Structures are given as structure tokens and as C-alpha cells.
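Shown next, in C-alpha cells, is the structure this report addresses.
These figures come from a predicted structure and were not determined experimentally. The chain is numbered in sequence order, starting from 1.
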Amino acid sequence: MNEVKDELLSSDIRQLGRLLGDAIRNHLGDPAFERIEHVRQLAIRFRRDNDEAARAQLSDALQALSQEETTQLTRAFSYFSLLANIAEDQHHIRRTRAHLIAGSPPRQGSLSHAVGNVFDAGKADALETFFEDAFVSPVFTAHPTEVQRKSIQNCQMAIARLLSERDRVQMTPEEAEQNEEALGRGIVTLWQTRLLRTSKLSVMDEVANGLSFYDHTILRELPKLYSSLETMLAQRDARWEDAELPNFMKVGSWIGGDRDGNPFVTADILRSTLQTQADKVLDFYLGELRKLASQLSLAQILNACSEPLRALAERSADASPHRVDEPYRRALHGIHARLEATRVALCGKGKPAEGVQPYAAAFELLADLDVVQHSLVSNGLRALARGRLRQLRRAVKVFGFSLAPLDLRQNSDVHERVVDELFAGAQPGLVYLDLDEEQRIAVLLAELESPRLLTSPYAQYSDETTSELDIFRAVREAHVKYGKESVPNCIISKAASVSDLLEVALLLKEVGLLRQDSREVDVNIIPLFETIADLRAGPAIMARAFGLPFYRGLLESRADQQEVMLGYSDSNKDGGFLTSGWELYKAEIELVTVFKQYQIKLRLFHGRGGSVGRGGGPSYEAILAQPAGAVQGQIRLTEQGEVITAKYANPEVGRRNLEVLVAATIQSTLLPQAQLQPKASAGAGHLAAMEELSGTALNAYRDLVYGTDGFEQYFWESTVIAEIAALNIGSRPASRKKSTSIEDLRAIPWVLSWAQCRLMLPGWFGFGSAVQAYLVAHPADGADVLRGMYTDWPFFTSLLSNMDMVLAKSDIAIAGKYAELVKDKVLREAIFTRIRAEYAATLDALKLITGQEELQQANPLMQRSIRNRFPYIDPLNHVQVELLKRFREGKQDAAARTGIHLSINGIAAGLRNSG
């Protein structure tokens, strides 16, 4: 049955591949196309049969290629991967639409499924309370592993639109032919569009890239999601008729506010980011108002209007005799004029009409739109109020004049140095850095209680201190200009103590964002617990902070709510996949207990990356697998790198991903786990077993990565980390310091490097050793316990499901070719032998516990994806190894460097969640 359903996908992939082949033939000639196809067939044989003859032939074929021919081949397979991605996305949309059209039962993860479960469970009354306090927010971050240029994304979207058109429109033969020709033109354009950037991204380039997803998806699809949910609730319960949900969902951003390790994010960049965001959303509103005015051509002689609407029309400067009896158009013209004036005031763009006053805040714009809405409803035109006007009103509520809440982030070490310098200037003899933790808390609290300021306009501060103070001052300006929702959060990386929180509070006080007398603070102070040690210490740190009357007073000004961010990436690099997941889970349980004790509302912010090695994986399962009490209707989570493109470039896919987050949050909050999974029960035996597994896995991982002589050399020589560090994929360096140590390396390039060589070590290493040791220690019932954990415990189920996906995308044979790049044969064989043995043990352990005979047996969609794309990814790996050999042997011209970067781009695009 699945084969029949997937035939359209296979047909699309074949057609796109054929059209790309035509483009290659026309541009490069038949011999080039034949070379490319020959390499593809050899790579398939090598993968399918582990054929040594194919291996030798493939090696010979690649070595015989010139640099130009190698680049041609790399480009071809990179584009094949991009086209396969497009086809898969469109097929997912096709099958989802077919499911809905057929009236089939709602799919798991959909809003209708979640709402239906709540009503079926008799908990409909709880929904109103849920939405009053709910907050769901995916946050786009400035951690790009996205290696695609925006021009490439635009080409992909054009091709996707043509494929979608074929599914939705019954075409005449002529129209079908025109669609085919347009597809061919689109693929030729893609082939002729440069894959790589010629210069490194600036922060504002990253801002522009992030905001492009608002154009494609967020600005339109998020308001539609609200409308769809309101309609869904009204159809089930008359109490929801005409109800408007609170703004429980927003899409946030770090891009332009994340300073951790990025010296290019300055106060001026923050100002430019906020202005760019404001310009984006105001331009959207202006366009929607023009369209709305063209639609509401209602003549007063044919339909009455309310007095407030008439007054709004009279205040308009629209004096056209053609619209004198069209009050709605005149009113909307006046709203448009005021919004134009607002754009001038906030963004410096355009020229306002004489005498027109800008809106002071978004709520004033909403009030005028409400006048239009109430007039339509009160005069029997409810249907007109539920169209574009409804979506625009919701957009204004959600996006305001700032578009996206922008988070600040900085490392606690920076805050510490700035506070030390401020104390040194204001209180000579006090060396803050020399104080222990209790002394620091005492000094900070005393200063926070004091009305004086540490800063002086006459003092000369270091560049670092000046920069930090300037960015907090820019936040205060933003609050005045755009509203406090524009920059609501300040995140502290590497938070490891109560003093880390108080240091930020002190800096906020210095610029007027915290008022000592009233104990009011204008931003949320959010600790980010990242390492294994920090995760273990986090609950005690929060308990200590809650016990301080001053800090508790600050929380009262924030509705007795505290947000805590959990770092998946660095905890994984620190302790490995299994221990990271377990320590995160335990930290959540302990935080829930602490917050309940102090009667503080907890909001968790999950710093998940795109790959499993950085906390990635399906969001729906991840949210449902949270421990009891960890969601409570509120959750934030990061969306990073190529995952943003995969999830939000296509409007329908983006809408689905937004729905998934809401659906999972509803179910996790309102429905007991037992109702979602009848056998779900993590008893003491499961917890004890997990603790034992984690301890063994941690030792195995740390011993390899941090305890093995030469491992750092092995990593740098067997992967493309050095080349990734030079690739123009983001505005920040690959390492926090100028060193090659793994401790200083950022988690993104660490994970991306292992993904490129198809080993994906951060997503599985240590699990095999852990299970082997557990079975030896528990020979009688060990296997049954582990199988029970997989069957009954959503956390463990999700953990293994993610690992299963990582292993399916790994390839130990290809990884072995990368290992051959290590010059020291003894080192190479010693380390790769260990890795290969752990890989085999992990595969055996996974199959033993899950009962499956092959990877992704329970996920035919992923199996299909792997089957479709690996014939195009595998050759890129083989080419990349050959290119690296040449490059490291001294052939380091621009063409060689370009070839390596093209291969990195193509493999990342093919794997999709690789970094």
C-alpha cells in the first residue's frame, strides 16, 4: 500500500532528476553526465553490497577526475539532494491533504487530534484556563549550520510551487506542458545559481535570512493557526462562539541579540535588527490594509455603519469623490496613513501626510481595526469580518510593532568581568573576581539595594564593559520605542551560580531596566544550564536564588514566573548522548520540585539543535516525553540552522510545524501520560536502570573524547572541521578561543563535522557499552527491564527513536574512508577500531531492546527518505574524501577549496538535520 502511495514521490524524483540531467548535458555535455552517472552507480554498489571491487573502481574513478570534473560532479550531486528534499516535502503535503480531503481521523500531532483528545477525556473546561496562561514559542537562533544561500532557497521555492500546482490544479494538456517547461527553467536556474557564498555572513545578513521566513510563512500562517483553532473549538462547544484566544503563541528570535562568542553583535546591531523587524511587520500591515480597502467597497447607501466607524472615516484625509459614500474604505485609508506615519517614526522610511499622527503603540492600531470589525458585525456583515480583517487583527495582536521578541544572550564570564571593572572603579580596593560565591552574593545584594549607580560618565571603561553597557542601554531605548515586548529576555550562558543571575540584575539596574526601590525588572533574567555539572547544580542554584528576598521581589514583578533554559548541545559535547538526555530529564524533575516548593511558575526553554547530537529530533515526541509538570502549558524551544529552512520555508510545512508544537503542549499539559500511552510508567526500577546506563555511557564517551591521547588529532584529521571553520556559514567563529581543543570548540561545528563523515558519533556513542555492561550486571532480567523501559517510558522510547534515526543516517564503511585521512596509522587504527566496535555494539543493543531487525523499521517514511537520497549523498562523501586528500597534500588553490565547500554544502543539504 505504501509503495502505491509513494509512487508519485518516485515519479517526482525521477522527473526532477531527468530535468537536472538535461541541464547538466546542455551545460557540460554528454561525457560529463556519463561520468557523474558512473560514479553514482559505483557508490550504490559500494553501499548496497559493500563490494570491494566497487570500492576499488570508485576510488580509481575519483582519482582520475580533474579538479574541474570533481567540482562538476560535486555540484551535480548537491543539486540532486536539494531536488530530492523538495520532492519529499511536496509529497508530505500531498499525503496530508489527501488525508484531510478523505475525512480520515485526525493524525497524531495535529491540532484537531489534540483538541479531540481533550474533549473526549472530558477536560474541555480546562482549555479556557490553559489558553489564559499558555505560551508556546519556537525561537530562531543565530547559530547557523545552514549552508544554503538565500538565492538557492528562492530557486527551491519556485520549483516547489510548480510541483504543488500540479497537485492542486486539473491541467489541460497545454497547461501541463507549460508546467513541465517552467520546471525545466527553474532547474536550469538552480543549476546556474552559485551554491556558495563568496564572503562571510554579517549579523545583519543573518537577520535578513531569518526574517525571510516571516515573509514565506510566519506572518500569514500563524494568524491562520489562531483562526483555525478558534473555529475548531467553536464547532465543538458553543461557549467558544466568537471567542478570541489570548496570544499564547509567538515566534521569537536570537538573531541580532545573541552576543555569546560573537563580538559583531553590538548595540548598533541590536538597534538595526529591531528597526529591520519593525519595518518588516509594518510593511506587511500596510500591504494588508491596501488589500482590505480594495475588498471593503461597501456603499453607505446599501449598508449602515457604526458611529465610531463613521467618525474614523471622517477623520481620514481621503477626499476622493469616488469614495465619499464608502466609509469603510475611507476609514482604512486613514488607518493606512497613520501607519505610514508610524513607519516614518520608527524606521525613518517614507514621508507622512501632513498633519497625520503616528500610532504611539500597536494597541492603538488594533483599536481602530476593532472599530471596523465591530461595525461589520453589528450591521450583519460578520462574514466579512472573518476574512482578511480577522487575520490582520490577530497579526497586530501577535506581532505588534516589533514583529518578534528578541532575546539577549551573553556568557556569564563576560558579565563577571564587567561587574568586576565597575566595582573597581566605584569602590577601590574591592576585587570582585577574588571573592568566593557567598561574598559575591553579599556584595551584589548590597549594591542592588543601594540607590547609587556604579557607572560614572567621567570614567574610562574597557571596550568590553562599554559594549555591554551600551547594549543594555539600547534595550531600554527599544522598550520606549517599540514596547517592552520587543526585548523581553536576557539569557545567561554557562550559568553556574546565583551570582551569575545577580550580576545581570546589577547591570540592568545600571541602565534603568531594574528599579531598586520598587524591585521591578523589565526583562526576564534567564539562566542557561549547559554542561553536565551545571545541569546537576541548576535546581540548587534556583532554590538559593528563590530564598533571597530581593530576587524573589523581582519575580513578583514578573508574575511570579521564572524561565530556565536547558542546553542540549554543550551537555552532549560534555557528557555524550545518553548522559546528556538523562541529566536534562533529571534536572527538569528537580526543577519542577523546587519551583513547586517556592510557588514559582516554571517555564522551560529547550536549547535544541537540528541534529540528535544537539537535542534535535521530532518536536512532538520530545514534548510528550517531558517529565510530569515540566510543560505546564508553557514551553520555548530553539529552531536552529538548516532545520529552520526545512520546517518554515514552505508555508504549509511551516503551518504543520507550528501546529505540532501547540498540539504537543496541549496534550502534555492537559492529558495524563497514561491516556496518551496506557502503559506509560517510569517506576523506580526504570530510573535506577537509566542511572546505571548513564554512568557507563558517560565513562565510555569521556574516556574516548577527553581521555584518549591523540583523539583531538584524530578528530581534526578524520573530519572536515578545519574546512568547516573556514566556510562562510555564519558570523561567529567555530571555536570560543583560538585553539583546536575540543573543550573550546562550539557544539555546532563539532556535530556538523561528525555528520559530514557519516559517523554522527555525538548521537550514539556510549550506548552500546552501557547496555553490554548492564546485561552483564543483570543477567537474569536485564534485557526484559530494558525492553520494558522502551515499551512503557516515553522518555526512553524517544531517546532510542532518535538514536535509531542517527544510526540509519550513519555509514561505518564511509566513515572508514575518512579515518584513512589520519596520517598516524597506529593512532588511526587504535581509535577507529574502538569506534567501530562501539558502533556494532550500539546496533546490537538497539535491535535487542526494540525487537526490530533493521534500522527505522517502525518508521517507513524515514526508510523511504534514506532510500531516495543516499544514492546522491554517498557519492558526495567519496568525493569529499578525495578532495581532502588532495587539499592536505598541498593542492590548496581556490578551486580545491571551493570543491570541498561544495561537498560540505551538498552533504548537509542531503542529511537535513546534520548540525
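Evaluation of the ring pair (Phe, Tyr, Trp, His ring centres under 6.0 Å) rule for H778 yields Y774 as partners, not counting sequence neighbours. Residues satisfying the ring pair (Phe, Tyr, Trp, His ring centres under 6.0 Å) test with Y79, not counting sequence neighbours, are W191. Taking the side chain to side chain contact (heavy atoms under 4.5 Å, CB included) definition, one finds that D574 meets it with T531, I532, R702, sequence neighbours left out. Not counting sequence neighbours, S801 has no partner by the side chain to side chain contact (heavy atoms under 4.5 Å, CB included) test. Remark: F832 engages no residue in a ring pair (Phe, Tyr, Trp, His ring centres under 6.0 Å) (not counting sequence neighbours). Residues forming a salt bridge (Lys or Arg N to Asp or Glu O under 4.0 Å) with E37 (at least two apart in sequence, or on another chain): R40. With sequence neighbours excluded, no residue satisfies side-chain hydrogen bond (donor to acceptor under 3.5 Å, both in side chains) with T665. In this structure, the side-chain hydrogen bond (donor to acceptor under 3.5 Å, both in side chains) partners of H606, at least two apart in sequence or on a different chain, are Y568. Looking at residues two or more places apart in sequence or on another chain, you find a side chain to side chain contact (heavy atoms under 4.5 Å, CB included) between A770 and L578, L693, T696, A697.
Judged as a ring-ring contact (aromatic ring centres under 6.0 Å, His included), the pairs with a partner in residues 748-772 (not counting sequence neighbours) are, in order, F715-W750, F715-W754, W750-W754, W764-Y839. Screening residues 845-860 for side chain to side chain donor-acceptor pair (under 3.5 Å), with sequence neighbours left out, gives D804-Q852, D804-Q856, E854-Q863, Q856-N859. Identified under the salt bridge (charged side-chain N to carboxylate O under 4.0 Å, His left out) test for residues 577-586, with sequence neighbours left out: R536-E583, E583-K586, K586-E691.
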